[in-house]
Amino acid sequence: MARKAPLKTRTTRTSRPLAPRPLTRKPRSVEIVVNCSNRETRIAVLEDRQLMEYRVEREERVVGSIFKGIVQNVLPGMDAAFVDIGLERNAFLYVGDIIPDEGGDNSPASVRRSELRRRKIKELIRPGQELMVQVTKGPRGTKGARITTRISLPGRYLVMMPEGNHVGVSRKIEDRKERDRLKKLGDNLMPEGFGLIMRTECEGRTEAELKADIQFLQQLWNQVMESAKKLRAPSVVHRDQTLLYRTIRDVLGDEIDHLVIDDPDEYEKVSLVASIVAPKLRDKIQLYDREEPIFDHYNIEKDIDTLMEHKVWLKAGGYLVVDEMEALTAIDINTGKQVGSTSLSDTILRTNLEAAEEVGRQLRLRDMGGIIVIDFIDMESVEDKKKLIDHFEKVLERDRARTRIGKISSLGLVEITRKRTGESVTESITNICPTCQGRGRIASNDTVGLWIEREMRRRLHEPGTAFYIEAHPTVVETLIGADGEELEDLEHDLKRGLYLRANFDFDIDEFEVTGGTIEEFDSTAMGYRRAQVLECNVRRSGLDGSDRAIGWTDNGYFVELKEGYDAIGHRVKVVLQDIRRSFAVADVILPGSGKPVS
């Protein structure tokens, strides 16, 4: 078997600044563009034709869905439990997310989260107990879903909470009179045994609109309870709506100019849903029926490609470096090509202000969550720091996700938290690199070459006179060296003949070393003679900084070509001039006349 080597780790001048440009203005136009296919649904939110949010759904969503689960383990040391809800991994239930099944003064509605945290998990649940739970955060990496027994059903204007008894109003509704009006309406309309949260979309809505939303949610809860009685745990009782439905429910509002969708069937469904949850907005839904793909028409595809980029360039020449990790996301700001025209402090301020806007966009675009640390360029002026924070707060106002922002630290860092319920967009459309395991770095050719050398030294006590080595092509190149000098020195040092062959199926850090004799390997691996004509695939050298052409035979034999640059990318005939155990020197016959390499 090929051995995969283990991943290894290592361990001013001042002047009066110009006034910055005005704080971020509200966009002139906001559009929602929907692309539907059999395998996925993609939704993009454009502000002034610039991509600001992107969501993709390729499988059923679990966040928001309600399950009937069975408690598997209760862990007093963690104040938590693991619950089997029928998914691949057990879900995590924290003590503060459990409503105690008691009456009287300790009824579910009257128990605060702070009080629950002081209770013991063993007093609330036990192994084998069945629970009705709702997923609040989807599975991520090796972690299971996070769940709560505090069920909530979101509607167009309200969120209804069974077993609650209070009315809350969205913090984003700032007008005091409107908050009081909504609070009174909520108190009057709240069904017995339910709590209500008035969403931002409630602002300016009539009593009739809110009442219709409540009736819809009550009917939905009755269906959930009926399903729960019939199903055995673990099972899903209620699935949250599709991405497209949630977009109509949560995003399509008065500030949206129009929603464009490219599938006639989905257009009919969306129009029907909108006529129920938001009748006034139905006219904003349009069918796209041109031949050109909808995302190409709106120039969205090329913006999506940048989602996987490590570096994001700013218009003025600066750039961001985005590192998404398990525990946090780090964003570094650099001036890059931006040199400014007045003073260093002004250049830094302008770069930071532009970067703040792009950071706000990237937060929404990639749907980053958790702790995010932003390393702005250091500024000495207290006034400049205040301008930056004020500007950044203004940018974040357009983000629907809840964010909290800290002050600039003495090291120039800004820490923010952003609520997210599942995978980021980059996580949902990419996989962790199987070679680097998500570290973003892989072993160098020299490092793998040294691993191979050490493996051969460990086996020098075995009988034999030669080693046969299979490795990645660039590692083979590195071990051979210029004109075979590196390989010759290694053979002399080990006192063994070496037969190097490339395996194009190997990762960079994979290799296989087989011991034997020169006679054995000569008979099995050396079927070549001087002046022999054979075919090989001509490729560009895999070594950094090299622009030479090299050939590879079908069994991975390295062929150093003379004047073979024009043959790169083709399968051509060559005539062998000099033959060694691991490589040969050859001339190309009619360069560029061969067949393209597939």
Quiz item: Would you say Thr247's side chain and Val251's backbone share a donor-acceptor pair under 3.5 angstrom?
Solution: no
Practice problem: Taking only Lys NZ, Arg NE, NH1 and NH2, and the carboxylate oxygens of Asp or Glu, determine whether Arg42 and Glu57 approach each other closer than 4.0 Å. | Solution: no
Quiz item: With a 4.0 Å cut-off, would you call Lys315 and Glu358 a salt bridge?
Solution: no
Quiz item: If you measure only the distance, is there a donor-acceptor pair under 3.5 Å linking the side chains of Ser170 and Thr200?
Solution: yes
Quiz item: Between Arg179 (side chain) and Ile173 (backbone), is there a donor-acceptor pair under 3.5 Å?
Solution: yes
Quiz prompt | Over 12 foreign heavy atoms within 6.0 Å of CD, Glu207 | solution = no
Self-check item: Arg418 (side chain) donor-acceptor with Ile372 (main chain) under 3.5 angstrom
Solution: no
Quiz prompt | Glu178 bridged to Arg181 by N-O distance under 4.0 Å | solution = yes
Practice problem: Looking only at non-hydrogen atoms, find the nearest pair between Met160 and Leu196 and report the distance. | Solution: CG-CD2, 3.8 Å
Quiz item: For the side chain of Asp384 and the backbone of Met379, is there at least one donor-acceptor N/O pair under 3.5 Å apart?
Solution: no
Quiz item: For Val322, does its backbone N or O pair with a side-chain atom of His310 as donor and acceptor, under 3.5 Å?
Solution: yes
Quiz item: Counting only N and O atoms by type, is there a donor-acceptor contact under 3.5 Å from the side chain of Thr351 to the main-chain atoms of Gly318?
Solution: no
Practice problem: Only one of Asn299, Val33, Val45, Ile300 passes side-chain contact (heavy atoms from CB on, under 4.5 Å) with Leu51; say which it is. | Solution: Ile300
Quiz item: Between Glu357 and Arg361, is there a salt bridge with N-O shorter than 4.0 Å?
Solution: no
Self-check item: Residues Lys183, Asp187: salt bridge by 4.0 Å N-O rule
Solution: yes
Exercise. Drop me the distance from Thr149's OG1 to Leu93's CG, to the nearest 0.5 angstrom.
Key: 6.5 Å
